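Structure, as structure tokens:
This one's a predicted model, so the numbers in the text were calculated from it and none came from an experiment. As a basis for the values below, the full set of heavy atoms in this structure was taken, side chains included, without hydrogen atoms, waters or symmetry mates.
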Amino acid sequence: MAEAIETALLKYIQDHGECKDSGDFAKELGVDHLAVVGVIKSLQSSEMIISQDKDHFKWVLTEEAEGYLNNGSPEAQVFNIVPPEGLPMAELKVKLPGELGDIGFKQAMQQKWLATDKSSGEPRIVRKVESIEDKTQAVLRAVAAGQDIAKPDAEAAKKRKLVKPEQWKTYVLTKGPKFALERKKPATELTQEMIAKGTWRTQEFKDYNFNALGVLPAGGHLHPLLKVRTQFRKIFTQMGFEEMPTSNYVESSFWNFDALFQPQQHPARDAHDTFFLTRPAATPTDVLPQDYLARVKDVHQSGGYGSIGYGYSWKKAEAEKNLLRTHTTAVSSRMLYKLAQDGFKPARYFSIDRVFRNEAIDRTHLAEFHQVEGLVCDRGLTLGDLIGVLHEFFTRLGLPRLRFKPAYNPYTEPSMEIFSYSEQLKKWMEVGNSGMFRPEMLRPMGLPEDVNVIAWGLSLERPTMILYGIDNIRDLFGHKVNLSMIKKNPICRLGL
């Protein structure tokens with residue numbers, strides 16, 4: 001369609017020297033003027049034609065006015081229904097109901113065609129002239145015929161909302177510097193064939209637009225977990241904590257279990273609960289500090305530091321097994337050992353990173369999730385210090401109401417489950433676990449006897465799901481996540 005219009009337009013300009021009105025050309029060709037405008041813009045960009053705007057204006061009838069073309073203006077209709085002897089005012093609304101009678105009577109009175117007579121008691125409409133000339137109808141018929149009308153008549157009709165202006169634009173077209181009857185598409189690149197044949201010498205090339213903007217890349221979006229993690233980090237750093245390095249997803253069983261005084265026959269160390277690696281399947285204990293390894297072995301087998309131990313034969317082979325870490329406490333054990341070897345000084349550590357459990361996947365559980373962990377290492381710490389720190393931490397999260405329940409963990413004693421009342425959910429919910437690291441874990445590292453460590457942990461996913469109203473963890477993390485949720489999720493502000 002566009003090619004046919006282009007060919008016809010170029011031939012028309014060639015034959016006539018110019019096109020005086022693109023609108024008239026479109027009518028002759030029998031096509032919509034907008035289609036011609038598209039061709040004009042394209043030819044103009046190729047410098048084949050030059051266009052000049054041609055503005056048009058005319059008055060057109062409104063929908064109300066079209067009804068007056070045959071029946072006459074409202075004032076004329078009112079005049080015509082009034083007989084020479086007059087008409088009771090009440091009958092006017094019967095014969096011309098609605099706004100037609102009201103408008104017509106008002107206009108007829110202004111033009112002094114009619115008057116009211118109250119001499120008989122009942123108001124009557126009487127004629128003041130024998131006949132009238134309906135100039136309003138004449139103006140409307142002239143507009144309908146496309147004729148020009150006087151400015152005062154046009155303004156009066158516009159004021160009565162009988163006519164409205166209509167404006168449009170057409171174009172005067174003349175030949176451009178590159179006019180031709182057929183468009184030659186300029187090449188956009190220099191090819192090997194052009195160079196070989198030498199056609200590049202006569203080939204027209206499209207100008208390179210150095211000011212053209214490239215396609216904007218799709219911007220990245222922060223995942224809700226990242227937003228909540230940032231808020232957790234701010235809270236920890238504001239409380240004076242230092243973040244631990246958590247880049248090791250793969251750990252040896254020694255640091256993940258044995259160093260934490262978790263027995264080798266514990267159910268958590270079974271393949272049904274932990275992902276063990278097959279290659280490399282083990283980390284030799286030769287790389288570990290041998291004196292520390294011996295102390296860990298002794299405390300497992302025989303106890304010490306006020307403990308009787310577990311009374312089993314501790315095996316290096318079990319401690320050497322590689323696995324995907326089941327908790328970030330494996331990182332804590334490394335950091336505490338390093339702290340003891342470097343010369344003890346009070347420390348506050350935290351970590352937020354991914355851990356792995358061999359669990360059945362459902363709406364509240366995944367095989368991998370993020371663990372938030374905090375610990376304080378100092379002299380003379382007690383359970384009261386732990387409770388105080390927890391109140392401060394969770395208050396900053398926006399959860400000031402806490403309850404605690406005794407619990408069991410292999411490497412903490414005493415241990416407590418943490419519950420908080422959620423104003424959003426209107427109920428008490430478990431928010432984490434906590435406790436004081438056992439001497440059987442700390443003393444083999446070389447930490448002084450008066451040094452205690454208080455610690456707590458929680459998942460990152462659970463508070464994120466509550467904050468963002470997500471009911472299924474698979475809608476938050478994993479391959480089933482809706483990307484539109486990632487793009488549109490709101491900012492996160494904890495404790496506000």
Q: Name all residues meeting the ring pair (Phe, Tyr, Trp, His ring centres under 6.0 Å) criterion together with Trp168; count only those two or more places apart in sequence or in a different chain, and write none if there are none.
A: His56
(Q) Taking the ring centre of each residue, are Tyr421 and Trp428 less than 6.0 Å apart? (A) yes
Q: Answer yes or no: are there more than 12 heavy-atom neighbours, outside Ile308 itself, under 6.0 Å from its atom CD1?
A: no
Q. Got Met445 and Tyr292 here, is their nearest side-chain heavy-atom distance under 4.5 Å?
A. yes
(Q) Can you confirm whether more than 12 heavy atoms, excluding those of Gln265, are under 6.0 Å from its CD atom? (A) yes
Q: Show your reasoning for whether salt bridge (charged side-chain N to carboxylate O under 4.0 Å, His left out) applies to Arg357 and Glu368.
A: CA-CA 6 Å; Arg357 306 273 177 87; Glu368 55 180 310; over 6 Å; no
Q) Is a side-chain N or O of Thr62 found less than 3.5 angstrom from the main chain of Leu162, in a donor-acceptor match? A) yes
Q: Measure the spacing between SG of Cys377 and NZ of Lys345 and express it to the nearest 0.5 Å.
A: 12.0 Å
Q) If you look at every heavy atom in Met485 and Pro224, which pair is closest and at what distance? A) SD-CG, 3.7 Å
**Q.** Considering all heavy atoms, the nearest Ser434-Asn409 contact
**A.** O-ND2, 4.0 Å
Q.
Please give me the minimum heavy-atom distance between Ser252 and Thr283, naming the atom from each residue.
A. CB-CB, 4.1 Å
Q.
Between Asp273 and Asn358 (side chain of the first, backbone of the second, donor and acceptor by atom type, cut-off under 3.5 Å), is there such a pair?
A. no
Q) Should the pair Asp475-Lys480 be classified as a salt bridge under the 4.0 Å nitrogen-to-oxygen rule? A) no
Q: Indicate the atoms forming the closest heavy-atom contact of Phe419 with Lys405, along with that distance.
A: CE1-CB, 3.7 Å
Q) Taking only residues at least two apart or on different chains, which pairs with a member in residues 365-390 satisfy ring-ring contact (aromatic ring centres under 6.0 Å, His included)? A) His370-Phe477
Q: Apply side-chain contact (heavy atoms from CB on, under 4.5 Å) to the pair Ser22 and Ile40, showing each step before the final yes or no.
A: CA-CA 9 Å; Ser22 60; Ile40 291 172; 3.9 Å; yes
**Q.** side-chain contact (heavy atoms from CB on, under 4.5 Å) between Leu458 and Phe393, worked out
**A.** CA-CA 12 Å; Leu458 63 153; Phe393 176 78; 4.2 Å; yes
Q.
For Pro444, is there any backbone N or O sitting under 3.5 Å from a side-chain donor or acceptor partner on Arg295?
A. yes
Q. Are any non-hydrogen side-chain atoms of Pro186 and Gln203 less than 4.5 angstrom apart?
A. no
Q) Among pairs that include at least one residue of residues 228-241, which meet salt bridge (charged side-chain N to carboxylate O under 4.0 Å, His left out), considering only residues two or more places apart or in two chains? A) Arg233-Glu243
Q. Would a distance-only check, ignoring hydrogens and angles, find a side-chain to backbone donor-acceptor pair under 3.5 Å from Arg325 to Asn248?
A. yes
Q | Any donor-acceptor pair under 3.5 Å from Ser302 side chain to Val299 backbone | A | no
Q) Would you say Asp450 has more than 12 foreign heavy atoms packed within less than 6.0 Å of its CG? A) yes
Q: Show your working on side-chain contact (heavy atoms from CB on, under 4.5 Å) between Leu375 and Trp456 and close with a plain yes or no.
A: CA-CA 7 Å; Leu375 65 89; Trp456 69 98; 5.8 Å; no
Q. Judged by atom type as modelled, is there a donor-acceptor pair below 3.5 Å linking the side chain of Gln290 to the main-chain atoms of Thr285?
A. yes
Q.
Checking Ser484 against Asn482 for the side chain to side chain donor-acceptor pair (under 3.5 Å) test, could you report, in this order, the C-alpha distance in whole Å, the side-chain angles of both residues, the deciding distance, and whether it holds?
A. CA-CA 5 Å; Ser484 64; Asn482 187 344; 2.8 Å; yes
Q. Going through the distances and angles, do Trp59 and Phe57 end up as a ring pair (Phe, Tyr, Trp, His ring centres under 6.0 Å)?
A. CA-CA 7 Å; Trp59 293 102; Phe57 173 88; 5.4 Å; yes
Q) Is the side chain of Glu440 donor-acceptor paired with the backbone N or O of His300 at a distance under 3.5 Å, no angle test? A) no
**Q.** Any side-chain heavy-atom pair of Tyr411 and Gln262 under 4.5 Å
**A.** yes
Q) How are the rings of Tyr312 and Tyr310 set to each other: parallel, tilted or perpendicular (split at 30° and 60°)? A) tilted
Q) Is the closest basic N to carboxylate O distance between Glu204 and Lys178 below 4.0 Å? A) yes
Q: Examine distances only and state if a side-chain atom of Asp378 and a backbone atom of Val451 form a donor-acceptor pair shorter than 3.5 Å.
A: no
Q | Salt bridge Glu193-Lys197, side-chain N to carboxylate O under 4.0 Å | A | yes
Q. Rounded to the nearest 0.5 Å, how far does CZ of Phe350 lie from OG1 of Thr246?
A. 9.5 Å
Q: Dump the intermediate steps for side-chain contact (heavy atoms from CB on, under 4.5 Å) on Ile473 and Met465, then the final yes or no.
A: CA-CA 7 Å; Ile473 194 171; Met465 291 171 66; 3.9 Å; yes
Q. Tell me, do Phe261 and Pro263 make a side-chain contact under 4.5 Å, heavy atoms counted?
A. no
Q | Rounded distance (nearest 0.5 Å) linking atom CZ of Arg334 with atom OG1 of Thr329 | A | 13.5 Å
Q) Can you check whether Thr412's main-chain N or O pairs, donor with acceptor, with Ser415's side chain at less than 3.5 Å? A) yes
Q.
Using a 6.0 Å cut-off, check whether atom CD of Glu63 has over 12 heavy atoms from anything other than its own residue.
A. no
**Q.** Mutual orientation of the aromatic rings belonging to Phe257 and His327 [parallel < 30°, tilted 30-60°, perpendicular > 60°]
**A.** tilted
Q | Min side-chain heavy-atom separation Leu43-Leu10 under 4.5 Å | A | yes
(Q) Using a 3.5 Å distance criterion without hydrogens, assess whether the side chain of Thr278 forms a donor-acceptor pair with backbone atoms of Ala281. (A) no
Q | Leu293 vs Trp314 side-chain heavy atoms within contact, under 4.5 Å | A | yes
Q) With under 30° as parallel and over 60° as perpendicular, where do the rings of Phe236 and Phe241 fit, or are they tilted in between? A) perpendicular
Q) What heavy-atom pair brings Asn489 and Leu222 nearest, and what distance separates the two atoms? A) ND2-O, 3.4 Å
Q.
More than 12 heavy atoms of other residues, nucleotides or ligands under 6.0 Å from CD of Glu166: yes or no?
A. yes
Q) Looking at side-chain heavy atoms only, is the closest gap between Arg462 and Val431 below 4.5 Å? A) no
Q) Which is it for Ser253 and Asn256 under the side chain to side chain donor-acceptor pair (under 3.5 Å) test, yes or no, and what are the steps along the way? A) CA-CA 5 Å; Ser253 292; Asn256 197 84; over 6 Å; no
Q: Work out which heavy atom in Ser420 is nearest to a heavy atom in Leu402; give both atom names and the distance.
A: CB-CD2, 3.7 Å
Q.
In the structure I gave you, are the side-chain heavy atoms of Leu381 and Val453 within less than 4.5 Å of one another anywhere?
A. no
Q: Give the C-alpha distance, both sets of side-chain angles, the deciding distance and a yes or no for side chain to side chain donor-acceptor pair (under 3.5 Å) between Asp258 and Gln264.
A: CA-CA 7 Å; Asp258 295 272; Gln264 293 184 339; 3.1 Å; yes
Q: Kindly determine whether Ser459 and Gln371 satisfy side chain to side chain donor-acceptor pair (under 3.5 Å), including the steps that lead there.
A: CA-CA 5 Å; Ser459 76; Gln371 181 177 336; over 6 Å; no
